[in-house]
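Indexing begins at 1, ligand by ligand and atom by atom, following the structure's order.
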Amino acid sequence: MADDKIFYITTPIYYVNDIPHIGHAYTTIACDVAARYKRMKGYDVHFLTGTDEHGQKIQTAAEGKGITPQQLVDKIHLNFKNLWEVLNISNDDFIRTTEPRHIKVVQAMFKKLIDQGDIYKGTYSGYYCVPCETYVPENAMGPNKTCPDCGRPLTIMEEESYFFKASKYVPELIKFYEEHVKAVMPKIRYNEIMSFLKGGVKDQSVSRTSLKWGIPVPGDEKHVIYVWFDALINYAAAVGYLDDPEQFAHYWPHVRHMVGKDIIRFHCVIWPLMLIALGVNLPVEVVAHGWWTYNGEKMSKTRGNVVDPFKMVKEYGLDPFRYFLLREVPFGNDGDFSELALVGRINSDLANDLGNLLNRTLQMIKSYRGGLVPKCVGAESELSSMAANVLERVDEAMNNFAFDEALKIIWEFISRANKFIDETAPWKLAKDEAQAERLNFVLLNLYEALRFSALLIAPTMPDTAKKIRAQLGLNENEKLSYENFKWGEGAGTTIKKAEVLFPRIDINEWKKLQEEKKMSEELGVRNEELKNEAPAIEHEAEISIDDFKTVEMRVAKIINVEEIPRSKKLYKLEVDLGYEKRTVCSGIKAFFTPEELNGKNIILVTNLKPVKLCGVESNGMILCASVKKDGVSEQLTLLTPEKDIPLGSRVS
Ligand code: MSP
C-alpha cells in the first residue's frame, strides 16, 4: 500500500462524567464518515475514539456514591461505548485513560521530559474553589470571582507543581505552521492559533498535589499528572508509541485530530509543543468544528436543554440523524439544532429526492422489464458523465472535511436523476415498441444512478446504502469501493421488491404530537419538582441489631441550663440520670430558651466518648429530630418519653 494511502483519525476522548449529547455525537459521526469514506477509497484507516477518565469531578462523584473512582468510570464510560454502537460508529479502537497501555506512555513521556530538563518543579498559583476542590481558570470564573459550578467565592491557592517548558518550543511551532498552512483547519482557527502563539505561551503547569484521581508523576507520587497532559497522549499511546514502534511509525505520520473549536488550544498549541519536545512529528491536520446550540442556547445539564442522541435516533431513525447533522451546518460553523429542520430534511432530501428516485425507478423496471435491469448498447449519458465529475468534487470536499458540501454535491446528482425521469418520460416510451432500446437505456441509467448514489451516501448513511443495494438486487454486505465502480455494470441484475426507505412525516400531525409531548414533559418536570420539594432522604449504611445495641441510651432530666460565653450554638446542660448527674453540651440554643428546657425529660446517649466543646467537657448527647437544609437544622424538636418512667431507664 502506498504510503500516502494511510489515514489515522481521532476524536477527542470524552469526559465520562458528561451525559453524551449531540455535540459529542457530532464529532464522532463526522470522524466516522471520514473514516468510512477513506476506507472506500482504498486507504488503510485507523479510527480511534475513547474516554477521558481522570480528574476532580470523577473523584468527587465517586466519593458521593461511596465507590472508588475506578468503579465509577468502569460503569459510566459505557454510556459512550453504547452510544457509538447505536450510532453505527466504525472505530477500530477505543482507548480509556485508565488503561495500563495509556498510563505507562503518559509516565514515560513525562519522565523523558523531566530527564531532558523540559519539565521542572515550581509553584502553581490559581483561583481555587475549596468546596469543589478545583482550580477555576480566570475565563471560566463567575461574577465577582466565584465558582461557575457552586457560585461560592474562589480563593487564591498556591501549590508545588511541575511545569512543562512550553515557551521554549514556540518559535519552532510558529515556523511549522507557517510552512503548513493546512495543519489547522478551517482558516479562521489557523489564524486564531497563529495570533495566540505570537502573543507568547507561558510554561504550563502539568501536575497537581490537590488531586488524587490521576496518573502519578513517576518518582514523585504526591503529584498526579494534570488531566490535559494525560489526555492528549492517548492519541500516541493507542498506536503503540511505547510498545509497538512499527505500528506507531506506520500510522503516526498520517494522524489527523478532529475536535470542537473549544479545545483547539490544547490540540494546536500544547500538544504540538509537547510533541516537538518529545521529538515526535506533528499531526498532519487538526480540524475544528463549530458548536451546536439548542433553540439558540448553549446546551448544558443545568439548563436541562441537552439534545439526547439516543432519543433522536429512536424518533427519526439513525441515518436521517447522521445525515442531518452533517448536511445542515457547514463544517466549522456553529449550528442551532431544530427538530423541525430535521423533519424538513427527512421529507425533502430523503423521502422526496432519494426515496422517490428509488421507488419510481424500481416500479418502472418491474412494470416495463419484469424486474430485470435491461442491457443496452452504450450506457453513457449525461448522468454517467456527471457521475465522474461528482466523484472528483466529492473527493475534494471530503479532503477538506466539508461534509455538507459533499452531501450537497451528491444531492445535486440525485436531483439530476429525478429530472432525467421527467425529461425522458419512460411511461411514454413504454407505450411505443419502437422506443424499446431507448427505454432500456433510460432504465439502465436510472438503475446505475441509484447504484452509484448508494455508493456515494454509504459513508454518511451506511444502513440506507445497504437497504438500497438490497432492493437493487445487489449484495448488501459487499465491501464497497469507489475505485471499482463501472457505469453500466448493473445490467442484467434482477431487482427486489421496492420498499419505502423514508416514510414522509405529516407536518401537522408532527406539530400536534410535539405540543402533546411538551405538555406531558412539563407535567413530568412539575411532578419532579413536587418530588424535590419533599426533603431529600439520605440513608446510612445497613447495620445489624448488635451494632445498634452498642449505643446506650437512657432517660434523663435536664436540671440546669447555662450559656457558654464562647459559643453561639451550644448550651451547657446538667442532666440527671437517676443514678448519676452529668454535664452535656448541646447545639440547640437556636431553638429553645433555657426556661423551655429546664425540667424536661429527654433521651441521652450515655456511652459516647467525652469531648471538649468550647472548653467544656461534654459527656453524652441529647436526641433530637430535625429538618436540615444544606446541612443546617431548620426545625428541631427534643425526643421525650411519652409517659413518666424512672430516670435512667434504658431505651432500646
Ligand atoms: N476530554 C476533553 C477532550 C480531551 S482530548 C485529548 C473534552 N471532552 S468533552 O467531552 O468535553 O468534549 C468532547 C468533544 O465534544 C469536543 O470536541 C467538544 O467540542 C465537543 N462538544 C461538546 N459540546 C458540543 C456542542 N454543543 N456542539 C458541538 N460539539 C461540542 O473536551
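In terms of protein heavy atoms, atom 14 (C) of ligand 1 is closest to Tyr14 CE2, 3.7 Å. Scanning all protein heavy atoms for the shortest distance to atom 16 (C) of ligand 1 gives Ile263 CD1, 3.8 Å. Among all protein heavy atoms, the one lying closest to atom 20 (C) of ligand 1 is Thr27 OG1, 3.9 Å. Scanning all protein heavy atoms for the shortest distance to atom 29 (N) of ligand 1 gives His289 CE1, 3.3 Å. From the protein, the heavy atom lying nearest to atom 17 (O) of ligand 1 is Gly260 N, 2.8 Å. Annotation: atom 6 (C) of ligand 1 to nearest protein heavy atom, Tyr235 OH, 3.5 Å. Nearest protein heavy-atom contact of atom 3 (C) of ligand 1 is Ile13 O, 3.2 Å. When hydrogens are left out, the protein atom nearest atom 12 (O) of ligand 1 is His24 CD2, 4.2 Å; that is the closest non-hydrogen contact.
In this structure, Tyr8 has its ring center under 6.0 Å from that of His46. When ring centroids are compared, Phe321 and Tyr316 stay outside the 6.0 Å threshold.
A perpendicular orientation is assigned to the rings of Phe337 and Phe324, their planes being inclined by more than 60° (bins at 30° and 60°). Ring geometry for Trp84 against Phe80 counts as tilted: the plane angle lies between 30° and 60°, on a 0 to 90° scale. Below 30°, between 30° and 60°, or above 60°: for Tyr26 and Trp292 the angle between ring planes is above 60°, a perpendicular geometry.
In the vicinity of Gly290, heavy-atom distances shorter than 4.0 Å reach the ligand 1 atoms 28 (C). If you number the atoms of ligand 1 from 1 as listed, the ones under 4.0 Å from a heavy atom of Ala231 come out as 6 (C). Near Met299, with a cut-off below 4.0 Å to any heavy atom, the atoms of ligand 1 are 26 (N). Of all the atoms in ligand 1, the ones that sit under 4.0 Å from a non-hydrogen atom of Asp52 are 1 (N), 2 (C), 4 (C).
Of all the listed residues (Phe229, Trp228, Trp291), Trp291 holds the heavy atom that lies closest to atom 30 (C) of ligand 1. When the options Ala288, Gly23, Ala25, Ala30 are ranked by their closest heavy atom to atom 25 (C) of ligand 1, first place goes to Gly23.
Contacts with ligand 1 closer than 4.0 Å are made by side-chain heavy atoms of His267 only, the backbone lying farther away. Under 4.0 angstrom from ligand 1, there are no non-hydrogen atoms of Phe266.
A donor and an acceptor atom, one from each side chain of Arg36 and Asn88, are located under 3.5 Å apart. Of the N and O atoms on the side chains of Thr97 and His102, not one donor lies less than 3.5 Å from an acceptor on the other residue.
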Audit row: Trp271, Phe266, ring pair (Phe, Tyr, Trp, His ring centres under 6.0 Å) steps and yes/no:
CA-CA 6 Å; Trp271 179 226; Phe266 290 106; over 10 Å; no

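Contacts classified as ring pair (Phe, Tyr, Trp, His ring centres under 6.0 Å) and involving residues 48-76 (residues at least two apart or in different chains) are given here: His54-Trp213.
Proximity of Lys57 to Tyr15: side-chain heavy atoms (C-beta onward) are nowhere separated by under 4.5 Å.
Between Trp271 and ligand 1 there is no heavy-atom distance shorter than 4.0 Å. The shell of residues lying under 4.0 angstrom from ligand 1, judged by heavy atoms, includes His21.
Among the atoms of Tyr15, some N or O lies under 3.5 angstrom from an N or O of ligand 1. Inclusion of Trp292 in the set of residues having an N or O under 3.5 Å from an N or O of ligand 1 is warranted. At a 3.5 angstrom cut-off on N or O pairs, Asp262 counts as close to ligand 1.
Every residue meeting the ring pair (Phe, Tyr, Trp, His ring centres under 6.0 Å) condition with Tyr120, not counting sequence neighbours, appears here in chain and number order: Phe163.
Taking OG1 from Thr68 and CD from Gln59, the interatomic distance works out to 11.5 Å, rounded to the nearest 0.5 Å.
At a threshold of 4.0 Å, the pair Asp93-Arg101 counts as salt-bridged, since one of the basic side-chain nitrogens sits closer than that to a carboxylate oxygen.
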